[in-house]
Amino acid sequence: MNVFRLLGDMSHLLAILILLLKMWKTRSCAGISGKTQILFALVFTTRYLDLFSSFISIYNTTMKLFFIASSYFTIFLMYSKFKATYDSNHDSFRMEFLVVPVGGLAFLVNHEFLPLEILWTFSIYLESVAILPQLFMVSKTGEAETITSHYLFALGSYRLLYIFNWVYRYYFDGFFDLIAVVAGCVQTILYCDFFYLYITKVLKGKKLSLPA
Amino acid sequence: PSPKDTHDEL
């Protein structure tokens, strides 16, 4: 565990807490993509099956359980409790366009052709593109609530911090996971446009809105 | 270590 990894995890945790807090306080999930949240639940479920096969640390296990539980709780809030506020008309990205190619790629490019390993690879690839329905929704409506942009910023920062963590691990631990690094870089690149808007607009007190 | 033996990240 190095400082970048810890900050990355905390940023990820913060993102989830911001999202839950936003929904709970406003009693609304307006502006949030249910598709992205379903994909995240799928990511956590397929990646953390190793909870049953290997133990790494209390920290690791606790975080995994929290990520899985919070992702299903988010889906429950969106599709059941606060269903009336869910903006499904603008959440029209087709999940199968991501899940099917990513599934195929996980079969073809993996560290080892074993069920758990293929599922882990699938989750890494899927996570890298899971934000697309949310970004698509923001671009479709042309705006995002400030709290939603804080959520997206924390979520994007998490993978950027992981890249620093991988650089650190490469030099100091001799550790290098090509699949995680390439997917992590793709994931971070997808946020670049949003990072730019966040820094130039939201941090200056303006609402995030896209030019018409 | 091989990456697949050390999926120790979240």
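Proteins come first, then strands; the chains are lettered A, B, ... in the order of their sequence lines, and each starts at number 1.
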Can you tell me if A/His12 and A/Tyr162 form a side-chain donor-acceptor pair at under 3.5 Å? no

Pick one of side chain, backbone, both or neither for A/Asn60, based on which atoms fall under 4.5 Å of a heavy atom in chain B. both

Region of A/Asn110 in contact with chain B, defined by heavy-atom distances below 4.5 Å: neither

Ring-ring centroid check A/Tyr79 A/Tyr86, cutoff 6.0 Å: yes

Check: A/Asp91/A/Gln134 side-chain N/O donor and acceptor closer than 3.5 Å: no

Can you say whether the rings of A/Phe136 and A/Phe93 are parallel (under 30°), tilted (30 to 60°) or perpendicular (over 60°)? perpendicular

Of the backbone (N, CA, C, O) and the side chain (C-beta and beyond), which part of A/Phe44 lies under 4.5 Å from a heavy atom of chain B, both, or neither? neither

Interchain contact, A/Phe55 with chain B, by part (heavy-atom threshold 4.5 Å): neither

